[in-house]
Amino acid sequence: MTVAENLVKMKQMIEQSCRDCKRNPDDIKIIAVTKYVSIERTKEALQAGITDLGENRKEEFLKKYESIGDQATWHFIGSLQSRKVKDVIHQVDYIHSLDRKSLAKEIQKRAERTVPCFVQVNVSGEESKQGLAPDDVEDFVESLKAYDKIQVVGLMTMAPHVNHEEELRAVFRKLRALRDIIRDKNQPHAPCEGLSMGMSNDYPMAIEEGATHIRVGSSLVG
């Protein structure tokens, strides 16, 4: 199927989820995760009206950026090694994987503007996943006050690959509760309005639990 056809179906599902939880579909940002698809398929997403693209590897991101440039808003959604920050920091618009002080220091050192970042949280506690433990998030965000090139615009998590709905919802709810605590502190460096959560298999539930940014690959671009 074309990306445009997939997008029509996806928007219908988003609208249904928003009706169920009394939200506005316009408040949901769709990030097309293009890490496994060609530049041609990525351009097809742009032509379908998708403006936000997500990549998780430096090499693939730079290859697509060279071809597409600022036609898109670029989200770096994968784990970012500190030594690679210098290669992508002037091209990416958002970083979704800030989870350690060494990475924050490198962003501060290399950035020439304030970079909107989501702090990554390993809500599920899986060893295979990156991110801070939930109990460490508040102190970490507080410490970022010292870095004027970083603005914490939200929190991000990856839910486990399970079919148990309540287990998934519990992960999303915990991230939302953490977000609310940080947002309500009204810190200039951490407005923390966003929730980057939900992927192809679980984004309707994530939306119902408060997601503002959903990262969708296979069901949208393949």
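The chain is numbered in sequence order, starting from 1.
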**OP:** Tell me, with the steps shown, if Glu106 and Arg110 meet salt bridge (Lys or Arg N to Asp or Glu O under 4.0 Å).
**Re:** CA-CA 6 Å; Glu106 194 64 18; Arg110 303 289 182 178; 2.8 Å; yes
**OP:** Tell me, with the steps shown, if Tyr94 and Trp74 meet ring pair (Phe, Tyr, Trp, His ring centres under 6.0 Å).
**Re:** CA-CA 6 Å; Tyr94 291 84; Trp74 295 96; over 10 Å; no
**OP:** Please report the C-alpha distance between Tyr36 and Val221 in whole Å, then the side-chain angles of each, then the deciding distance to 0.1 Å, and finally whether the side chain to side chain contact (heavy atoms under 4.5 Å, CB included) criterion is met.
**Re:** CA-CA 9 Å; Tyr36 295 129; Val221 294; over 6 Å; no
**OP:** Go through the steps to decide whether Val216 and Ile31 satisfy the test side chain to side chain contact (heavy atoms under 4.5 Å, CB included), and finish with yes or no.
**Re:** CA-CA 6 Å; Val216 183; Ile31 301 169; over 6 Å; no
Original post:
Passes side chain to side chain contact (heavy atoms under 4.5 Å, CB included), Leu46 versus Leu53? Steps please.
Top reply: CA-CA 9 Å; Leu46 290 172; Leu53 304 178; 4.3 Å; yes
**OP:** Output, in order, the C-alpha distance, side-chain angles, deciding distance and verdict of salt bridge (Lys or Arg N to Asp or Glu O under 4.0 Å) for Arg183 and Asp180.
**Re:** CA-CA 5 Å; Arg183 180 195 60 193; Asp180 290 351; 3.4 Å; yes
Original post:
Given the rule in the side chain to side chain contact (heavy atoms under 4.5 Å, CB included) test, do Ile150 and Val115 qualify, once you have shown the distances and angles that lead to the verdict?
Top reply: CA-CA 5 Å; Ile150 292 173; Val115 181; 5.6 Å; no
Original post:
Under the salt bridge (Lys or Arg N to Asp or Glu O under 4.0 Å) criterion, do Glu59 and Lys63 qualify, and how do the steps go?
Top reply: CA-CA 6 Å; Glu59 294 78 12; Lys63 189 188 304 180; over 6 Å; no
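Note that the NZ atom of Lys58 and the CG atom of Leu80 stand 10.5 Å from one another [nearest 0.5 Å]. Atom CD in Glu208 sits 11.0 Å away from atom CG in Asp202 (nearest 0.5 Å). The distance from atom SG of Cys192 to atom CZ of Arg179, rounded to the nearest 0.5 Å, is 7.0 Å. The CD1 atom of Ile28 sits 11.0 Å away from atom CD of Glu15, with the distance rounded to the nearest 0.5 Å. Here CG of Leu103 is found 6.5 Å from OG of Ser97. Values are rounded to the nearest 0.5 Å. How far CZ of Arg57 is from OG of Ser79: 10.5 Å, rounded to the nearest 0.5 Å.
Side chain of Asp139 to main chain of Asp136: no donor-acceptor pair is present (N/O by atom type, distance under 3.5 Å, no hydrogens or angles). Without hydrogens or angle criteria, Gln71 side chain to Ile68 main chain gives a donor-acceptor distance under 3.5 Å. With hydrogens and angles ignored, the 3.5 Å screen pairs no side-chain donor or acceptor of Arg176 with any backbone N or O of Leu195. With His189 contributing its side chain and Val141 its backbone, the two residues share a donor-acceptor pair below 3.5 Å. No side-chain donor-acceptor contact under 3.5 Å links Arg215 to the backbone of Gly54. Without hydrogens or angle criteria, Thr114 side chain to Gln151 main chain gives no donor-acceptor distance under 3.5 Å. Between the Asn6 side chain and the Leu220 main chain, a donor and an acceptor come within less than 3.5 Å of each other.
Linking ILVMFWY residues whenever their side-chain heavy atoms come closer than 4.5 Å, directly or via other members, places Val119 and Val123 in the same cluster. Both Tyr147 and Ile107 belong to a single network of hydrophobic side chains, linked directly or stepwise wherever heavy atoms of I, L, V, M, F, W or Y lie under 4.5 Å apart. The cluster map of Ile, Leu, Val, Met, Phe, Trp and Tyr, joined by side-chain heavy atoms under 4.5 Å apart, puts Met197 and Val162 in the same cluster. In this structure, Met199 is not a member of the same hydrophobic cluster as Ile207, with clusters built from ILVMFWY side-chain heavy atoms closer than 4.5 Å. Linking ILVMFWY residues whenever their side-chain heavy atoms come closer than 4.5 Å, directly or via other members, places Leu132 and Phe172 in the same cluster.
The heavy-atom pair separating Leu98 from Ala104 by the smallest distance is CD1-N, 3.9 Å. Contact record, Pro160 with Leu168: O-CD2, 3.3 Å, taken as the closest heavy-atom pair. When all heavy atoms are compared, the tightest approach of Ala211 to Ile214 is CB-CG2, 4.1 Å. Listed here is the closest heavy atom pair of Ile39 and Ser67: CG2-OG, 3.4 Å.
Defined by atom type and a distance below 3.5 Å, a donor-acceptor pair is missing between the side-chain atoms of Arg41 and Thr34. Counting only N and O atoms by type, the side chains of Glu126 and Ser124 include a donor and acceptor under 3.5 Å apart. Side-chain contact check for Thr157 and Lys174: no donor-acceptor pair (N or O, by modelled atom type) lies under 3.5 Å. A donor-acceptor contact closer than 3.5 angstrom links the side chains of Ser218 and Ser200.
Residues His90 and Glu112 have side chains in contact (heavy-atom distance under 4.5 Å, counting atoms from C-beta outward). Leu178 is listed as a side-chain neighbour of Pro134, based on a closest heavy-atom distance under 4.5 Å. Between Arg169 and Glu165 there is a side-chain heavy-atom pair separated by less than 4.5 Å. Annotation: side chain of Asn201 is in contact with side chain of His161 (closest heavy-atom distance under 4.5 Å). Residues Ile30 and Ile14 have side chains in contact (heavy-atom distance under 4.5 Å, counting atoms from C-beta outward). Considering only heavy atoms from C-beta on, Ser219 comes within 4.5 Å of Tyr203 through its side chain. Taking 4.5 Å as the limit, every side-chain heavy atom of Val152 sits out of range of all side-chain heavy atoms of Ile182. Side-chain contact check for Leu155 versus Ser196: every heavy-atom pair is 4.5 Å or farther apart.
For residues 144-154, the pairs satisfying salt bridge (charged side-chain N to carboxylate O under 4.0 Å, His left out) are Glu142-Lys145, with sequence neighbours left out. Every pair passing salt bridge (charged side-chain N to carboxylate O under 4.0 Å, His left out) that includes a residue from residues 19-31 is listed here, sequence neighbours excluded: Lys29-Asp52.
A 6.0 Å sphere centred on NZ of Lys185 holds more than 12 heavy atoms belonging to other residues, nucleotides or ligands. Within a 6.0 Å sphere centred on CE of Met13, other residues, nucleotides and ligands contribute 12 heavy atoms or fewer. Few gaps surround NZ on Lys84; more than 12 heavy atoms of other groups in view lie less than 6.0 Å from it. Within a 6.0 Å sphere centred on CG of Asp184, other residues, nucleotides and ligands contribute more than 12 heavy atoms.
In this structure, His213 has its ring center under 6.0 Å from that of Phe118.
Between Ile95 and the options Ile77, Val85, Ile89, a side chain to side chain contact (heavy atoms under 4.5 Å, CB included) holds for only Ile89. For the pairing with Glu55, the side chain to side chain donor-acceptor pair (under 3.5 Å) check across Lys35, His75, Lys64 returns one residue only, Lys64. Asn122 pairs with exactly one of Glu127, Met158, Gln130, Lys129 by the side chain to side chain contact (heavy atoms under 4.5 Å, CB included) rule, that one being Lys129.
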